[in-house]
Structures are given as C-alpha cells and as structure tokens.
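Counting begins at 1 with the first residue of the sequence. All heavy atoms count here, side chains included; hydrogens, waters and symmetry mates do not.
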Amino acid sequence: MRLLVLSDTHGDFNSLRRALDAQRNAEVIIHCGDGAEQYRYLKETCSDRQVIGVRGNCDWTSKLPTEETVTVGGKTLFITHGHLYQAKFTFMNMVYAAREQKADILLFGHTHQAVTEYDDGLYIMNPGSCHGYYATYGIIDITPKGDIVTNIVRLSR
C-alpha cells in the first residue's frame, strides 16, 4: 500500500497536481496542513482514494482537526502540522505525542524541511513543502509483510 504525504502547499495547485500525477498508484493521500484549499480539492477530485488532512497554522478558517490518529494498512499514524508542538525547535514533543498514541508513523509539516528518520520503532516524516521551485513530497510504502519504507521525492522541473 502506498501513501502520498503532502504538506505546506500554500495554494500551489500546480505542484499538488504534479505530485498526484507522479503518484497515481497511491491509495491514501495525507495533507499535513497549510493547504486547506488543496485538501478540499483532494477530497473532491480523489474520491477513489482515502484522503486525510489536518489544519496548519496558516489555515485560519479551516474546520480540520489539528491532529489525527488513524490506522492505515495495519499501521497507526499520528498526523499533525507541528506548529502546536514547536516543530521548528524540536521533534521530541511530537515524538512523545505519537508514542502516547502508540503510533508506528509520525507525520508532520510546518518547517518546510523534508525529513525521514527512524527512532526506536517510530518512523518520522516531514514531507517538506510541496510548493515552489524546490517542492517535495513524501511516499510511504507499507508492504504486505507490514514493513514500512519511507522516501522523500523532489518534484522535477
């Protein structure tokens, strides 16, 4: 099962569509905030896939939750934008929150810096910002055996 992970699109529908085109086989699309309009677009145009999203610090009028804990492909995901956990200063607050939820994967955004790490049973991913010239997104593959593989992809120009 493939998951497409996006964040911080900030109105960039062009980069969003390019990421969607590149990952047509993704069964789940996750938006980690700062792109409520793009989240609505995903919900409307990707009705054949599961679409999950959270509110970011720039999604002022959004009714999306600030965090979600969901199970996908047998794995528990803790999703947040990161601003309420001081993501620009430390990952530890989010790591603690993810561990409290017994998550296998922590997904966040906010910093615009793509990161994929593994910490004692917890996969940590920030897909970076899917916006502008250096746009990035993340993919997560959950294998039939339950293994997790994470990657950061830069949109080609």
Side-chain angles (χ1 to χ4, degrees), residues 1-59 62-83 85 87 91 94 98 101 103-119 122-157:
M1 169 179 278
R2 176 158 285 185
L3 290 65
L4 169 60
V5 185
L6 305 158
S7 191
D8 297 277
T9 47
H10 292 287
D12 188 344
F13 283 95
N14 181 47
S15 292
L16 175 76
R17 286 184 195 104
R18 290 175 55 227
L20 283 172
D21 285 345
Q23 298 300 325
R24 291 175 193 232
N25 60 341
E27 298 173 55
V28 179
I29 303 169
I30 300 167
H31 198 296
C32 297
D34 280 358
E37 291 177 41
Q38 291 75 54
Y39 169 78
R40 281 193 297 276
Y41 172 82
L42 292 168
K43 288 293 276 186
E44 292 169 4
T45 61
C46 300
S47 58
D48 59 329
R49 307 187 225 186
Q50 182 178 4
V51 178
I52 303 164
V54 295
R55 180 176 67 223
N57 62 300
C58 294
D59 296 325
S62 173
K63 301 280 192 254
L64 287 168
T66 57
E67 60 188 45
E68 284 278 357
T69 302
V70 297
T71 302
V72 174
K75 300 298 178 182
T76 302
L77 286 60
F78 179 74
I79 308 161
T80 186
H81 183 60
H83 64 294
Y85 290 94
F91 296 171
M94 292 179 295
Q101 298 299 317
D104 301 294
I105 303 170
L106 162 62
L107 301 173
F108 70 100
H110 189 53
T111 68
H112 294 209
Q113 300 296 314
V115 172
T116 182
E117 294 183 6
Y118 178 80
D119 180 53
L122 180 66
Y123 290 84
I124 301 167
M125 176 185 275
N126 179 334
S129 174
C130 192
H131 171 69
Y133 187 77
Y134 295 105
T136 58
Y137 62 87
I139 53 173
I140 299 173
D141 289 309
I142 302 173
T143 70
K145 291 183 179 181
D147 296 324
I148 299 169
V149 180
T150 64
N151 283 293
I152 303 294
V153 179
R154 179 166 177 227
L155 280 178
S156 59
R157 288 285 169 203

Minimum heavy-atom distance between [X] and [Y], given as atom pair plus value:
X      : Y      : result
Val54  : Thr80  : CG2-C, 3.9 Å
His110 : Ala87  : CD2-CB, 4.4 Å
Ile152 : Val115 : CD1-O, 4.0 Å
Met1   : Glu27  : CA-OE2, 3.6 Å
Phe78  : Gln101 : CD1-CG, 3.8 Å

Distance from [X] atom [atom1] to [Y] atom [atom2], nearest 0.5 Å?
X     : Y      : atom1 : atom2 : value
Thr66 : Ile79  : OG1   : CD1   : 12.0 Å
Ser47 : Gln50  : OG    : CD    : 13.0 Å
Arg18 : Leu155 : CZ    : CG    : 4.5 Å
Arg55 : Glu68  : CZ    : CD    : 11.0 Å
Leu16 : Leu42  : CG    : CG    : 5.0 Å
Leu64 : Asp59  : CG    : CG    : 7.0 Å

For residues 123-146, please give each side-chain donor-acceptor pair under 3.5 Å, one per line with the distance, not counting sequence neighbours.
from, atom 1, to, atom 2, distance (Å)
Asn126, OD1, Gly128, N, 2.8
Asn126, ND2, Gly109, O, 3.1
Asn126, ND2, Thr111, OG1, 2.9
Asn126, ND2, Gln113, O, 3.4
Ser129, OG, Asp8, O, 2.8
His131, ND1, Thr9, O, 3.3
Thr136, OG1, Pro127, O, 2.7
Tyr137, OH, Gln23, NE2, 3.1
Asp141, OD1, Arg2, NE, 2.7
Asp141, OD1, Arg2, NH2, 3.4
Asp141, OD2, Arg2, NH2, 2.8
Thr143, OG1, Lys145, N, 3.4
Thr143, OG1, Gly146, N, 3.4
Thr143, OG1, Asp147, N, 2.9

Pick from Val149, Val5, Thr150: which one makes a side chain to side chain contact (heavy atoms under 4.5 Å, CB included) with Thr116?
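The option that passes is Thr150.
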So among Leu4, Val28, Ile29, which one has a side chain to side chain contact (heavy atoms under 4.5 Å, CB included) with Cys46?
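Only match with Cys46 under side chain to side chain contact (heavy atoms under 4.5 Å, CB included): Ile29.
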Take the angle between the ring planes of Tyr41 and Phe13 and call it parallel below 30°, perpendicular above 60°, tilted in between.
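Rings of Tyr41 and Phe13: perpendicular, over 60°.
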Sidechain-backbone polar pair: Gln38 side chain, Gly11 backbone, donor-acceptor under 3.5 Å:
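Yes, the answer is positive, given that a donor and an acceptor are paired below the 3.5 Å cut-off.
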Treating Asn57 as the side-chain partner and Asp34 as the backbone partner, does any N or O pair qualify as donor plus acceptor under 3.5 Å?
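Answer holds: no.
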Do Asp104 and Leu122 touch side chain to side chain, with heavy atoms closer than 4.5 Å?
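Not touching, per the 4.5 Å side-chain cut-off.
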Within-4.5 Å side-chain heavy-atom neighbours: Leu77 and Leu3:
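With C-beta onward as the side chain, the pair touches.
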Derivation and outcome, side chain to side chain contact (heavy atoms under 4.5 Å, CB included), residues Ile105 and Val72:
CA-CA 10 Å; Ile105 303 170; Val72 174; over 6 Å; no
Just jot down the salt bridge (Lys or Arg N to Asp or Glu O under 4.0 Å) partners of Asp21, sequence neighbours excluded, or say none.
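Asp21 satisfies salt bridge (Lys or Arg N to Asp or Glu O under 4.0 Å) with Arg24 once adjacent residues are dropped.
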For the ring pair Phe108 and Tyr85, is the centre-to-centre distance below 6.0 Å?
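They do not qualify: ring centres at least 6.0 Å apart.
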